[in-house]
Number of protein chains: 2
Amino acid sequence: MEPSIDSGASLRRGVRESAPTLNVRLSDADAIPFPTRTVERGDALYCAGEPLRSLYTVQSGCFKTVATYPSTDDDSAPHTQVTGFHFANETLGLDGVCTSRHESDAVALETSVVRIMPVGILEPLCREYAAMQHELLAIMSAEIVRASRLALMLGTMPARERVAAFLLDFSERLEAGAASELLLPMTRADIGSYLGLELETVSRMLSKLQREGAIGLNGRQVRIVDRAMLAHH
Amino acid sequence: MEPSIDSGASLRRGVRESAPTLNVRLSDADAIPFPTRTVERGDALYCAGEPLRSLYTVQSGCFKTVATYPSTDDDSAPHTQVTGFHFANETLGLDGVCTSRHESDAVALETSVVRIMPVGILEPLCREYAAMQHELLAIMSAEIVRASRLALMLGTMPARERVAAFLLDFSERLEAGAASELLLPMTRADIGSYLGLELETVSRMLSKLQREGAIGLNGRQVRIVDRAMLAHH
DNA sequence: CGCCACTTTGAGGCGCTTCAACAAACGTGG
DNA sequence: CCACGTTTGTTGAAGCGCCTCAAAGTGGCG
């Protein structure tokens with residue numbers, strides 16, 4: 001896929017069009033000669049603990065971010081969880097700004113291309129262009145909201161609703177926008193880790209949604225049949 | 001409490017000292033004549049949906065932020081959850097930057113004082129001072145990490161560990177720093193909502209931790225007796 | 001073709017929720 | 001001041017949802 005000039009489209013849902021000031025935004029970063037990098041399926045774009053050199057915008061493909069947490073424990077297995085999936089036009093590495101080190105691993109779920117934006121260049125750019133600064137802040141804020149929504153889901157929803165919400169969210173974030181034919185790039189285990197469920201539970205809930213007629217299911221191929229049924233339950 | 005000049009202390013754990021550039025940071029915002037506001041216990045500093053006018057730094061007291069989420073449902077009760085507690089020197093309102101509207105309610109758990117930083121002033125200031133911009137980005141990044149950690153906890157830990165982790169986190173975030181005598185400003189229901197548990201479960205786990213000798217317990221007074229026992233389990 | 005990673009489905013058990021009763025602390029008005 | 005309702009906290013018993021363990025099925029790829 002060639003890097004499209006998405007000058008009109010905002011980078012994320014909920015991001016406002018920029019102020020009428022100088023119109024240079026992250027979305028327009030195509031205009032800036034940032035290099036790109038290709039990451040093969042299963043390879044890490046970066047790992048937790050590495051010094052933060054750049055932020056990355058997904059050009060094509062898909063990543064998962066995996067947090068490894070020594071837990072409150074010392075010897076036993078550390079907690080680990082998929083904290084997010086990231087598709088085209090989404091930005092990776094934001095969680096590392098605070099410590100100047102990456103807080104999680106970013107692993108490609110398929111062969112993917114990212115645009116590399118060095119933080120040493122990004123921050124001065126944002127000081128120069130108000131719209132760019134505003135958009136970076138907006139992107140980070142959106143990431144806070146995203147993480148909080150995840151926490152809310154993990155804290156309040158039963159398994160069935162979590163899986164349903166995951167499918168809806170996934171379909172809405174696709175470039176096509178609200179497609180009904182999905183091809184999941186991640187395993188049941190990944191989904192389960194993300195949703196705070198076991199992979200067997202994810203599988204069972206998908207099967208149940210299929211029996212109820214809300215979705216069509218064939219391995220990683222999912223067809224959303226009844227959106228309302230997924231949403232209202 | 002008078003607004004202390006915490007010029008040396010960083011605003012949050014994990015935030016690096018600023019670069020050797022012009023030394024104007026959010027931490028030094030005392031130097032800027034931002035107004036303050038007092039919020040009585042139980043009152044809202046802001047509510048979800050309101051337009052974002054300012055960010056707020058807690059001077060004294062404590063807040064909870066509550067997310068109300070229409071859920072995937074229409075008629076039944078909406079999901080609601082405490083997404084965070086915020087003590088002195090912590091910043092409120094960051095989740096609203098992306099939509100220019102607050103995403104949650106902020107309610108004072110006790111009579112509290114905040115410093116009001118209008119976003120219309122803050123963004124230009126950050127463009128002028130690199131260190132200030134960097135610190136704002138760092139604070140937002142730290143909030144992403146915080147929310148992700150919460151999600152990780154909700155996704156992986158059993159009830160006992162959640163409560164133990166909550167107590168440790170609380171004690172570390174106190175101004176005194178790692179105090180062992182805590183006075184919880186929030187109810188069991190608040191804690192439960194935050195941890196994705198029922199209030200009865202929180203109460204049971206606290207009692208259990210007391211029986212095991214990890215803490216002393218008397219209503220909202222908690223004394224941390226054995227830190228290792230809380231951490232390593 | 002045969003291996004391996006992934007998925008599905010079943011059966012049983014545990015952890016947390018739910019429902020319920022009671023105790024304690026608090027504020028309020030008589 | 002104490003009686004009173006309200007809010008908060010504790011503890012018990014029963015039930016269910018998800019996890020755990022197990023086994024078989026499926027698809028991709030060397």
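In what follows, chains carry the letters A, B, and so on, assigned in the order in which the sequence lines appear, proteins first and then strands, with residues in each chain numbered from 1.
- Using a cutoff of 4.0 Å between basic side-chain nitrogens and carboxylate oxygens, B:Arg160 and B:Glu212 are scored as salt-bridged.
- A straight line from CG of A:Leu209 to P of C:dT8 spans 12 Å, rounded to a whole angstrom.
- Neither OP1 nor OP2 of D:dC18 sits under 4.0 Å from any side-chain N or O of A:Thr201.
- Side-chain proximity of A:Pro158 to D:dC18, C:dT18, C:dT9: nearest is D:dC18.
- Considering only the side chain of B:Leu199, D:dT10 comes nearest among C:dT8, D:dT10, C:dC16.
- Between the P atom of C:dT7 and the CG atom of A:Leu184 lies a distance of 9 Å, rounded to the nearest Å.
- D:dC18 atom P lies 14 Å from atom CG of A:Leu206, rounded to whole Å.
- For the OP1/OP2 pair of C:dT9 and a distance below 4.0 Å, the side-chain nitrogens and oxygens of A:Ser207 include at least one atom meeting the criterion.
- With C:dG10, C:dT8, C:dT18 as the candidates, the nucleotide lying closest to the side chain of A:Arg204 is C:dG10.
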**OP:** Please report the C-alpha distance between B:Ser148 and A:Asp95 in whole Å, then the side-chain angles of each, then the deciding distance to 0.1 Å, and finally whether the side chain to side chain donor-acceptor pair (under 3.5 Å) criterion is met.
**Re:** CA-CA 9 Å; B:Ser148 294; A:Asp95 58 350; 5.9 Å; no
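- Closest contact between the side chain of B:Glu200 and the listed nucleotides C:dT18, C:dT17, C:dT9 involves C:dT18.
- Between the CZ atom of B:Arg220 and the P atom of D:dT7 there is a distance of 14 Å, rounded to whole Å.
- Residue contacts shown for B:Gly196 are limited to sugar-phosphate atoms, with no base heavy atom under 4.0 Å away.
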Subject >> side-chain contact (heavy atoms from CB on, under 4.5 Å) between B:Thr83 and B:Glu103, worked out >> reply: CA-CA 11 Å; B:Thr83 55; B:Glu103 286 288 313; over 6 Å; no
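- The distance from atom CZ of B:Arg160 to atom P of C:dG15 is 12 Å, rounded to the nearest whole Å.
- Atom CG in B:Asp190 sits about 13 Å away from atom C1' in D:dT7, given to the nearest Å.
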Original post:
When you look at B:Phe170 and B:Phe85, which way does the side-chain contact (heavy atoms from CB on, under 4.5 Å) test go after all the steps?
Top reply: CA-CA 9 Å; B:Phe170 182 85; B:Phe85 299 108; over 6 Å; no
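- Counting heavy atoms from C-beta outward, A:Ser54 and A:Met117 have side chains that stay 4.5 Å or more apart.
- When the C1' atom of D:dG28 is taken as reference, atom CZ of A:Arg41 falls 10 Å away, rounded to whole Å.
- Rounded to a whole Å, the CG atom of B:Asn218 is 14 Å from the C1' atom of D:dT8.
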